[in-house]
Structures are given as C-alpha cells and as structure tokens.
Peer 1: 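Before I ask anything, let me first share the structure, which is written out below as structure tokens.
Chain letters run A, B, ... following the sequence lines, proteins first and then strands; every chain starts at 1.
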Number of protein chains: 2
Amino acid sequence: MTAELTIVGKPMPRVDARDKVTGKAVFGVDVQLPGMLAMKVLGSAYAHAEIVSIDTSRARKLPGVVAVITGDDLPHNVELNFGSRGHSFLAKHKAFFYGQPVAAVAAVDIHTAEEALKYIDVKYRPLPILLDPLEAMKPDAPLIQHMGEGASEMSMHNADVAEDDEDHTEELDKEDIGDSDIREAAELASEAQAEAAPRNVASHIVFKQGDVAKGFAESDVVIENTYRLAQVHQGYLELQNATANWDAVNQQLTLWVSTQAQFYERQHAAEVLGLPIHKVKVITPEVGGGFGAKFGLVAPLVGLMSMKAGRPVQHIYTRHEELQASNPAPASVITIKTGCKKDGTLTAIEAKVVVDTGAYSGSPMSIICIMLAAPYKFPNIFIDGYEVLTNKQSVAAYRAPGGPNSSFAIEQQIDIMANEVGMSALEFRLLNGSEEGYTRPDGTPQPKIGLRAVLNALARHPIWKEPLGPNQGRGLAIGGWGGGRGPASAIVKLEGDGTFEVVVGTVDLTGTNTSFAQIAAEVLGLPISKIHVTRLDTETAPFGPAAGGSQVTYSMGVAVIEAAKDARSQVLKVAAKEFDTTEDDIVLDEVGLRSQSKPDKKLSWPQFQETTSGWTAKYAPVLGRGSVERRKGAPGYAACVADVEVDPLTGYVKILRVVAAQDVGKAINRMSVEGQLQGGTVQGIGLALWEEIMYGADGRVRNASLLDYRKATPRDLPLIDAVIVEQASDDGPFGAKIVGEPSIIPPAGALANAVAAATGKRIFELPLTAERIARAMGRVQEYDAMTTTAPTLTPDPSPIRGEGRGRNGRNGHGRTNGKVKTTNGRASRKATARKAR
Amino acid sequence: MTAELTIVGKPMPRVDARDKVTGKAVFGVDVQLPGMLAMKVLGSAYAHAEIVSIDTSRARKLPGVVAVITGDDLPHNVELNFGSRGHSFLAKHKAFFYGQPVAAVAAVDIHTAEEALKYIDVKYRPLPILLDPLEAMKPDAPLIQHMGEGASEMSMHNADVAEDDEDHTEELDKEDIGDSDIREAAELASEAQAEAAPRNVASHIVFKQGDVAKGFAESDVVIENTYRLAQVHQGYLELQNATANWDAVNQQLTLWVSTQAQFYERQHAAEVLGLPIHKVKVITPEVGGGFGAKFGLVAPLVGLMSMKAGRPVQHIYTRHEELQASNPAPASVITIKTGCKKDGTLTAIEAKVVVDTGAYSGSPMSIICIMLAAPYKFPNIFIDGYEVLTNKQSVAAYRAPGGPNSSFAIEQQIDIMANEVGMSALEFRLLNGSEEGYTRPDGTPQPKIGLRAVLNALARHPIWKEPLGPNQGRGLAIGGWGGGRGPASAIVKLEGDGTFEVVVGTVDLTGTNTSFAQIAAEVLGLPISKIHVTRLDTETAPFGPAAGGSQVTYSMGVAVIEAAKDARSQVLKVAAKEFDTTEDDIVLDEVGLRSQSKPDKKLSWPQFQETTSGWTAKYAPVLGRGSVERRKGAPGYAACVADVEVDPLTGYVKILRVVAAQDVGKAINRMSVEGQLQGGTVQGIGLALWEEIMYGADGRVRNASLLDYRKATPRDLPLIDAVIVEQASDDGPFGAKIVGEPSIIPPAGALANAVAAATGKRIFELPLTAERIARAMGRVQEYDAMTTTAPTLTPDPSPIRGEGRGRNGRNGHGRTNGKVKTTNGRASRKATARKAR
C-alpha cells in the first residue's frame, strides 16, 4: 500500500450525486412490472384483540380486486413463530397493536385496493391494552400472549416469566461474552424473577461486575434518577416499500425491497415463506434512508401476496402507516444510581433498565444496559435489564440502537456528579472515560478507543471561549458505539478502457460506494475517474454485510482493498511479462501502463485489455477477488457540545452552537464523514427536543403524520461543526473505524445538560419539550391553561400520554438547589463540593 | 479432481428448459421500457448508388415521430471507417447494397415509424451493380469504392488492388502463423496481383508449402474442378434486435442486444458511437440462435437513435430484412486441382478461392483456404485466396464459417480421387487424413486431432451394412474446425442454503450453462440441484469470451473448474478448522458438511453459511474465482455418412439415413452434445440441398421470406444418428474439445458424394437442387419447360441467378464416364483404376 495517501482521506462528491439530484436514481416506488398490482393492508382496529373471524368475500367481489389474503393464507410448510414480529407479518388469531396487518388486498390500482379494505369484515374480541411498560410489569397486569398455530399453544415468547424462567435470558453473542458471564447473568436473572416476577417481560438480562454495595459505601457522592425516552421514528424520507414477482414456473420469488440488508432480506423472506434461500432473489433499488428500520418489515407480506395473486405486487407504506405500524425506536425507563469519590473517581453504577419493546421482542435492551456503563471506568456494576411487551407497534434499530437511551441517562448522571465534586464536564470525563483494557459490563475487554482523543480535540475547540449570556447554557455529552464488523467480499474487475469495476453486494446508504471508489483508486494507484462501483442483487453479488452497525466501509472496505490488490497484482504480472521487466518497474496511470526503466515499453488500457480479453489474448482476464473475515472491534466514540438559550417564559430551546466530534480512525472521504457526523447529530437533536410517537389510550398513534410528528428542520439548527478525530484502527481500511452511528448518541445528553446549565432545572424525560422545560421552571399554570383549552391533536378523547406525562418534571435535580434528590426517594449525598468551571 | 466422474458426461436436461418451454424466458423483444420508441429503417432502394440528398423534413412532421436520423447524424467524435460494415451502420455518401440503412425513424409505435419511412425523400445517383465476384474481379469491372468523410478520400478498403498493393494481405494472427510465412505469402500475393490485377479485391492471401508443380508431376491422378456455394442465411429463429436506453445524465448507454458476445458488442458500440467502453453497458436477454450472425449488427444504430431521440428505442428486424440486409454466410467459387499417386497417397493441392464477401470485407476467406487442405496430408500446397466485393449484403460468420465452402470442394475431390485409384472413401481418408505434427497450410502444426478416431468409430457403424437399392447412393465426408479458445473467467459463490451460484459473462446459446452446472457439481462433489448458473451483463460479469468458435464450454469450462475448486477449497478450510480435522476428512453433500472421522462434527449448509456470512460469522464469505488463459488449440473433427435416394425423373433427393460422428474430447453433457451434432448436421443438410439467397439483377433478394427461402424442416429429415467420439484434449475441461461447429461442415460433401453415387453425376454447385440434379441427369428439356412457363418468385424481371445458373451442371465429373474432366478444360489424367467398395 502507498505510504502517502493521494485519494483516501480527500473530500469527494458522491459518485451517485448526479443520479440522485436529477431524479434518475431508481427507488423502490419506481419499479414497474407488467401486470403489477397495488396492495393495501387492513390494520387491526384494536391495539389488542382476538380475531374471531375475517370475511373477505365481499372484498373479493369488488371489480379490480385480484386477491385478498388473511392469516389463513400464511404458508403451511413453515412453522411460524407468532412471538416474532418477523414471522407475524399477517396477524393470526390475535392482533397485538393498532394497525397490525390482519388482511391485505391486491388490486389493479391503489384506489380499488383501498376501497376493498372497507368490504373486509373482521370480527374482534377486544382484550385489555397495555401501553406503559411499568404497568405491564405489575404482578396483576394482563398478559400479552402470543399464540402459535393451535389456540392453546403458548409461543416461545410467552411473556409470563414466572412460568417460563430460562428462555427469557436473551441469547447473546457468545464470542463477545464469556460463558461464565452468561451463566452468572442467568442465575442473577432467575433470582430477580423469583423475587419480583414481573409480567410481560420478553427478555431479561443482568450484568454484574464487582460489588456495587461496596462501591456505593465508598462513595462521596451518590446520585439516583429515573430517565425516560419516548418512542421515536427513524424518520427516513423514503417510505417502506417492496415489490414482489412470483415466478410459478421456477417457484422463484423476486423481491425489490427498500432494505438495508439484501442478504438478510432474502434469508428472512425464504424462512417465513417456506422457500429455499436460492429461490428468493432480492434486488435492492436505491434506498432513501433506513437508519436501522429497513430489515424485513414489508417484503414477506408482499411476497406472499404475489404468490397468491400470481402477479407482481407492489406495496408502499403511507406516512401514516409508518408512524402507526412500522418498527420505530423504543421508549425506555431507566432508573440509575451512580457514585463517585470526591476526587471524581467513579465507584459504582446500579441500574434498572426497562425497555418498552412494543408488541414483539426485538429491542436493543442488552445494548442499552451495556452502553450505560461502557463509556466509563465503573469498577462495580449491577445492571438489571427488562424488555417489556406493550400493545404498541414493536421496535427495531435506529442509528446506534439504544445509544441515546443510555447516553441521555448516564450523561446527565455524570454531569450531576461532576457538578457535585466541582469538576468540569470535560475534566470529569477525561478522568473517568473508558480506555483500552477496561472491562465492559458484558465482560468483554474494551479495545483501543478514541474517547480520550475526542475529548482532547474537543478541549481545543474555540466553542469553549464563546461567552454565554443570560438563559444560556453549555452542555457536553459523550457516547460510543461498537458497530458491526461482519465478513465481507468484493470483486474488482478490469474493463476494456482501463476502468476498474468494483462489484459489491452491500447497499449504499451513506456514500459507501464513493469510499469504495477512493479505496480502490488508492490501492490501484489510479485516479478515481478510473473506478466504477456497482452493486448486484443477492443472486449474483459477492456477499456483503448489512448496511447497519456502521460496518459497510469498515468491513467491506477491507474486502475492496483485497480485491483491488488482487487485481493490481494480476495487472502487474501480465505487464511485467509483456515488458520483460519486474513488477515494481510498472507504473499505472489514466492512459495505461508503462515500464519506468524501458521507455518504449508501454500499453494503453485498451491494448492491455486486448492481451487479457481480446480475440488473441494471451493472458487470463483480470478478476480481483477479496473476501475477508470478521474484523476486530473498533468502536467509534463521539462527543457533542451544545450551547442553548432557553426562553424563560415558554421553555423554547434555541440552539446556538453545536460541535460534534468523533474518532473515525481514518476519514476515507472527509466530505462524507462530515455529513455523517452532522446527520447523526441532527437526528440526535431531533429526538432530544421534539420527536415522540404519542399513543392514545386506545393504542392509536395520535400524531401519525409529519405535520404532527415534529422532526428537526434546517430552520431549527445552526451549522453543526464536525470535528474529525483520527486515531487509526488496527483492522479497518487505512485505519478507518465505524462512522455512521456514534454521532446520534451524545446530543440528547448534551442538550439536557445545556438546558440544565441554562435554567438550573434538570429534565429527565425526552423529548425536552418547551412544555416540560417551562413546567420545570415553574411555568405550570400557564401550561396547564394551554393544555386544557387547546384541542387535542386528533378527535381521540384519551389523554396523549396518560398518567406518565410530565412525571419526571416533578423530581428533577437542579444544580442550583445544592441538594441531591432522586426520583424514588432513595437518596444519598455525601459531598456538596461545588463545581467551578 | 475426482477420478471417476459422476455428473460430467451424463445426459442432463437443460437448466433453462422450463423457462424456454413455458415462455417465461425473456428475449430481446420482451424488453419493455417506459417511453420506449419503435424504430424502422429505410433501406437503400439501389444496390449501388451515390446518396445525393436526404430530406427528412416531411417525416419529422408526422405526428408520433420523435426522431429521424441519417448519415449526417453519425457521431462526429469518431473517425468512422466507411470500408467497414460495422462502422457503416448508416450509409453516408453511398449505398453499397440494396436495403442498406440510409435513414431511420423512431416513433411512438411501429406503424407510425413504418409510415414515416414513406415521407423520407432520398435522391440517389445509381452506380453500376456487381453481383458476381468473378465479374467483379475482371480488369474492366467498375469499382466498389468505399468513401471516407471527404468525397475524394479513398477508404482503406479501396478495392483497387493495383493501386494499393500491400494493404490487402489480410492481417493474420501472428501467433498462429510464423512471420516468415506471412512475408512469403505477401510476396506471392504481390506477384499474383502484378500479374492479374483483379479488381474489387478486399483482401488476398496465398498459402504455399512445397512445390505443387513437382507434386502434380509425381501424381498418377490429377483432378480439377470448380465448386460454387450460394450465399445462405444463418437461419436463427429469433430475429436480430436491440433495445437502447441513453442516459443523458451519466452519458451512459445501456443496450439490450440479441448477441453472441456481449463484451464484443460493448466494445464495438463504444468504438463506433464515440463513447468510453465503461459508458456502454450491454445486457443480453436470452438469445434465440445466432450461429455467427449476431455480432454488432444492430446495436450501434439503435444506440445512436436513442442518443438522438433522448428516449429508449427498440429495433426488431423483419424476416425480410434478415434475408435482404443482414449478414449471411458467403458465396464462393473455388477452383481446385488435387493429385494423388495410384496407391492413394496425396501429392499436391492447388486452388484459387474466390469468396464473395458482399459490400464489405469480413468473410472467412483465409479460413476457407486453410480448411481446404488442413484435413489432409498434402505435401505440396498452393492456395490463392481472394475476398471480392460485390453489391450484396456483406457476410459474417455462420457455424464453422467457410467450413462447408471448403469441405464441399475438397470432399468431392477426395471422393473422385478415391474412385480413381479404387479405394473406398473411408480407406482413402484413413490413409490421407491429417494428424498431429502435420503442418497446416498456414504453417501452424496440427495439434492432436481425433480425425482417425472418428473415421474408425464410423467404420464400425452399422450404416455400412445397410443395403442400397436402385437410385440410392452413400456418401462420406469429413471436416474439422479449429474453434475459439479465448481467456475466460468465472465466479462461484456459496448461497445460504448450500446452493453454489456460478456467475458467468458468456451467452448460453447451446446449453453451456447446463454444462457449467455439471462441471461445478462435479468439482464441488455435490448433486447438480445444488448448482445454479447466472449470467451477468458487461458491467458486472467476469469477462467471458464470445459464444462463437465453439469455445464457451471449452474455455469457460476451465474457468468454472478453477472457480469451483477455489470455492471448495475455501469451504474445506473453514470446515477443517471448525471440525478440528483435516480437509480430506470432510465430506460435502446435499444437506451439508461432515467429518468422516468424527461423526458428531457436522454442519448443515445454513449453519455453515452462518459461519461465513451470518451476523456472528467467524470466517470469510466463500467466493471462488477462476480466471484462465487462452487454451491450447483442440480442433474438433467430424464426419458424416449420408444415404440418399434420387428420383430419376425430378432429381428430388430423399435422405434415407444420416450418421454424424464427431470427436468432442469429452461430452460434458451427452444430451446437449448429441443435440449439437444433430443440429449442425441439419444446418449442413439445409445449405446442401435447399438454401440459397437469390439476387435479382438489381441486387434485390428475390426470396426474402421463409416461404421462398427454403430451410430444412423435420419432414425432410430422418433421425440423425450422432456418434460421439471422445479423444481427450490436453487443455479442455475434463478433456472436452470444441463441439458446436464441426458437424455443419461434412453434410454438403457427404450428400454431394451420395448423389454422385446414386446418379453417376457430380453436382459442383450448392444447393443440390432437384433441378440441378435432374439437369445433370439429362432432364434438361423438362426443366427448361418448367422454368420458362413458371412465374418468377417476385415480379422482378431479371433472371434469378443470371448467367451463373447451372453452369457447373454442364461440366461435372461423373464416375461412370471413366474420363476425368474439369471445369476449365485444364484436365490431366494418369490413372483410370476403378474404385470397388
């Protein structure tokens, strides 16, 4: 590899920019097949109900309707697991959340399909609804029972943990967690269950290190609080969609899916539709954002419909369906107690993590538990995690899944403790921040991480010199993310004019193809104009991992390096033979190849191509191949500093300045990496300040449109200053680490800390709405007046969030009152030292 | 590799059979793109004319017409060579054959496009027409002058050899022919030109070995005759077609082409349209036959139209255009003199080969010259070859291009000589047939060939015991073909369920994908159900050679072997590590992998896949790659025995029995190889008995429909008995040699020899029509009466074939008259020994 990089590390416009800007790029909704039908889904009218009967006969008679399917049409050659959302793509026997698909229509056009839904007669027997995970855990709570094929059969995800103790200890990656840890955690979980027997727990985990009681006993400061996050939507622009074409002749299903992971999509569809994997082919058009949500949600139902209808079928979610019945990010309730000595040294962390997974298991509960403590050197750890079922749409990943949940909690705790011992936010984190060799809560060793480098880079940033006025405050938070690192493969082949084609199987969500082009150009020693990157479908592509876990550049980049090296080596071998010289004497450039020592020895690329693929070619075609194992872990650490001004009357938060710093190992494409840091930060700000999927008492989403679901817009935001830190990884391409996810983690904590600094009031619940802040500042009457007179968002009579609303607003810790309080009264305070920054 | 083959060598139904039979297979005409236009071409109204002006203004005004293009629209950034048919996809300045495209229309539908042609006003200045190559060579013949951009500029294919001596010695592959041979041939060519100065010669070559004068002097028998073949069409079922989509945003052209060679198609389109190669992408749908004709004929014009119209464009030839203005196989006039001693030993061959290439150079003239002598051990050779321009559609390859031309001539010569010296056809060929080490006319050594094995296998065939009745005769002929052997590459990747995907870039014309599946299954040690073969487009496929020259299985098969070995080796490495055993302890089967020594060590394919591509995979994905150099030559030799009965009144030939034997090295798929031998034989019979493109004096084809152009049908044919001979090649997959082409070569000679045996009359011109045979048998008056009273095929007043008609019928050599005659009176006869079989 070249010692001095000429292309890697430079900012490069995206190779697909032109297609995206001109509208030429083909997305899922652009897929048109002859005879294609439009599909609409009938969602459950209840958030929890038995499905007594479905009569589709009238709908079938509507002219233009080609097929109507219900749970009875689910494949019979598969044992579907009705405790899994992925298997329950059509409800059978029961519906577990409002809008869950109970029937679907395929018709000649979308209007006919929509009309036909009205003629489907579903008889329900309503069941009690659980929306609050803490209520759901109560010993007397009704059970959310997923049923198998037989009505009496309990699914493996039966939520009654008292009856089924062991299955609920989530299976963890045994490579990452030692067996002994697993056993110990399972034992602890059993103890916990035997004691409390919380209901509706889908999975439970305990992480334990050291002795927290001893840790707290040695502490000078102990802080305990409860932090809540709302369910939020990933907010991709392109709606979920899939198109299916069943080939009855070959018994083969082709799926065009807006997905992050075409190989996963294939495997999943094959599994739930009862097809051999090689009989499913997934083609991924361009994807307009996924952020963790686009993994198998829509394709199986569309595939089943095409199999039943015998024609191609397309299904495109509406924005309403996205917000009512997709798979957003989970709400959580985290009660956390942390301690430190007066010199700032951390002593212990104890936490109870309750993650509201909605109607099906699948939340990042264990990750939230790990990430609560992983960024810091806590010597004693006890974290008790519960994934709890409720009658809401179930959840999936969202950029650093669970990262904001844990960071919002721990970063306020850290801030409060720093204040208590009189250290600056930065100092305290530099003192306690995790580093290589420290053991993470799950027992795995922390690899080399760049947290310290990020904090040091941030310390040098001019933002600290910006003066703060009245009602203004500055907040800092950090966060780290492990990321994916799956095995990967790629092809690099030579085209006739000296263009090298990089062939991959990974979806390009974030500009990864541009990075591949840079990587291949760097390795081949050619300008980027000589590189073209193409993605193939599952049938023909070299395997590439999911575009999730920030792994695409990190993992695939190495496969591209290997493939490009392989191609280059083949080129050099041929050229050395043709020129009768050594391989290191050969120079490649835009025009062709030449010998340095023999000026008359040169070949244009077309001439070279002729020697390997022409009519009279003497040599083998140049076909480079790279296939690499799972990478070593290279977590990405990020930090965010936010300056805010809070309107003392309304609680409105104006963001003044934001700096987002992250260790990316090596920025392959600085432009793209900056964009990632900014994009993640924007999403982190959005969920921190505005975003929340609001449920009525009936389980219906009350703000299921982008008019009512408030996302960050450019008008809300300053230019986010991205600080790129490069502490090379051991195992990534050119030292790169994961990039995409970490930046979403810190903003919530940073903004909460900034609001606390500006107002003297701590807010323990996201989003940090103006109302919550105003109420915390004592503007209770004004807001009560507003909320009683203002109409509700939709004509649903139930309160927007029920009894949970604003609860934390009443028990926050403000640094001005000098007295440490906790949400549950189990307070302790040994130090009152003031912070002075 | 396994010593005992379990899958290779077995008959296997084609993997694409289901798609083809059910109509699911997508051919070029099935390609439908949004906004696609239909294209029609205006062909020249003259076979030779200056194009004075083209007024397209009225056509442009017709509603529904989107674009009209003429030669003025040819790309300006390319220096087109107007002496090349491939560059002259729209005529400019001049038209050289009737129906040559002079303008094209793209319209919203085909009817509008067709209508618009009528409104294009072309003014021509007619030029003298040359249709007979011998006339064209005469010193006073008018010249067919291809013009460059400037009217005064002579093209490099200027036919006046007297003015431009050296350019017309065809460039041969220097690897195959020694430099000294080239030089000598060029000198001889110069001498020949200086002497005769024939006009309209596009290329000229001389092959010389030994001293033919001395050879003939030592001969006991010398025979000289002139043999003629008509121009025939390759007769593929699927009409030539292409669809183009110009992407103005990326300046990229996508072509869907019915082609045999997508990489060639890409390179050619890029060259003539002035685009970088990587900006052209060729996608090949299924191809309904090509036989040598589908190489770049239609795509450039369709591509240019899409670039001009800014919309997708589709062009589908009509059968009329196919027969009038495509690129059929060449007519030829071969005068050949051969000698042998009375013991049958061959002494010398002298030949003048005139190949009628039509309006553009590109005929297999040099191959015809080589193949005239290559099957036999002629110690003295002088072959003088001329490729001559006429005002007909120019020619291209047709299955063993030129093979029938040379075989028809030499195989009758051999038969006559065998008769003369009293040896059987088989004996004479066994005595004189070429073998390894013999030098071919072009100076290259004959590699190991299976001619002798084929003849020996044939000798054992029961056909020789079939009694022959009155008017019945038996004929034998042989023929060999070198075939292609280009470099090739392939990918073999593992799918989730243990299916291995073979990814190639070659077009499957003849069942090659089925052979690849067998090869991969054999190498991997898996049943064929675990193999799937896919072809990719030029952008993404590993390079594969053209499906021409019978090379696909021969060359690509080895690439597939290498890729499958590579994949297997990767699988074994992982399994050995997982099972803690050695690689040779691992067994693969349909279900998965297991250790032979440790019964508890096993993995299903999905489990194995999980270890290489799953979320927690430890190993690299399995991605096998094979890329191989050009193979060694492995010519395929074939022989045909035909029994016929000739109606003594009408000359009608009834085929009684046909045996086709061929050395295929190793039949990878016996079913497919049998089909190839039968298919080639059918085509050889068709061109021998019926096929002929007939030109009127105006250069119009008189039988440009399948009603008038007579092809072989199942009713004409007995079941052809295919005898597969397997003399392993050194360098092909499992010993395979080329297969597709050789079988078309012998039938014409075999049938001519059988007709001679049945009638006592030799026919020296193809096709062996009933009329020619009847006339040779003295039924002149009857046929004269018929032809004068019968209407001509089309209302063209010119005679169907002009003065050339039936000429050879008058000067044939019949074995019954005991006197050797020649066509040109230069006869010699030293032996009168009778043949007795």
Peer 1: Which distance, rounded to the nearest 0.5 Å, do you find between the CG of B/D497 and the CZ of A/R266?
Peer 2: 7.5 Å

Peer 1: Just do the side chain to side chain contact (heavy atoms under 4.5 Å, CB included) check on A/N250 and B/D19 with the steps written out, would you?
Peer 2: CA-CA 8 Å; A/N250 295 304; B/D19 284 1; 2.4 Å; yes

Peer 1: Between A/S613, A/G484, A/A270, who has the most heavy-atom pairs with chain B when the cutoff is under 4.5 Å?
Peer 2: A/S613

Peer 1: Under 3.5 Å, is there a donor-acceptor pair between the side chain of A/S627 and the main chain of B/V622?
Peer 2: no

Peer 1: Looking at A/F263 and B/K493, what are the two nearest heavy atoms and their distance?
Peer 2: CE2-NZ, 3.8 Å

Peer 1: Nearest 0.5 Å, please: how far is OG1 in B/T616 from CZ in A/R485?
Peer 2: 10.5 Å

Peer 1: Tell me, for B/A248 versus chain A, whether the close heavy atoms (under 4.5 Å) come from the side chain, the backbone, both or neither.
Peer 2: neither

Peer 1: What part of B/E495 lies closer than 4.5 angstrom to a heavy atom of chain A: side chain, backbone, both or neither?
Peer 2: both

Peer 1: What option among A/G498, A/P487, A/A546 has the most heavy-atom pairs under 4.5 Å with chain B?
Peer 2: A/P487

Peer 1: Checking B/I491 against chain A: side chain, backbone, both or neither under 4.5 Å from a heavy atom?
Peer 2: side chain

Peer 1: Checking A/E610 now: which residues fulfil salt bridge (charged side-chain N to carboxylate O under 4.0 Å, His left out) with it, not counting sequence neighbours?
Peer 2: none

Peer 1: Answer with side chain, backbone, both or neither: which region of B/Q570 has an atom nearer than 4.5 Å to a non-hydrogen atom of chain A?
Peer 2: side chain

Peer 1: Using 0.5 Å steps for rounding, measure from the OG1 atom of B/T611 to the CD atom of A/E629.
Peer 2: 10.5 Å

Peer 1: Non-hydrogen atoms of chain A under 4.5 Å away: do they reach the side chain of B/H532, the backbone, both or neither?
Peer 2: side chain

Peer 1: Within a strict 4.5 Å, meaning less than it, do heavy atoms of the A/Q267 and B/Q609 side chains meet?
Peer 2: no

Peer 1: With a 4.5 angstrom heavy-atom cut-off, could you sort out which part of A/A25 is near chain B: side chain, backbone, both or neither?
Peer 2: neither

Peer 1: What part of A/P276 gets within 4.5 angstrom of chain B, counting heavy atoms only: side chain, backbone, both, or neither?
Peer 2: both

Peer 1: Heavy-atom cut-off 4.5 Å, strictly under: side chain, backbone, both or neither for B/V249 against chain A?
Peer 2: both

Peer 1: Hey, can you pull the donor-acceptor pairs under 3.5 Å for the side chains in residues 536-543 of chain B, sequence neighbours left out?
Peer 2:
unit_1: B/D537; atom_1: OD1; unit_2: B/E539; atom_2: N; d: 2.8
unit_1: B/D537; atom_1: OD1; unit_2: B/T540; atom_2: N; d: 3.1
unit_1: B/D537; atom_1: OD1; unit_2: B/T540; atom_2: OG1; d: 3.0
unit_1: B/T538; atom_1: OG1; unit_2: B/V282; atom_2: N; d: 2.9
unit_1: B/E539; atom_1: OE2; unit_2: A/T534; atom_2: OG1; d: 3.4

Peer 1: Counting only non-hydrogen atoms closer than 4.5 Å, does B/A488 touch chain A with its backbone (N, CA, C, O), its side chain (CB onward), both, or neither?
Peer 2: backbone

Peer 1: Just checking A/K577: does its NZ atom have more than 12 heavy atoms from other residues, nucleotides or ligands closer to it than 6.0 angstrom?
Peer 2: no

Peer 1: If we define contacts as heavy-atom pairs under 4.5 Å, which of A/L494, A/V21, A/L623, A/T612 has the most with chain B?
Peer 2: A/L623

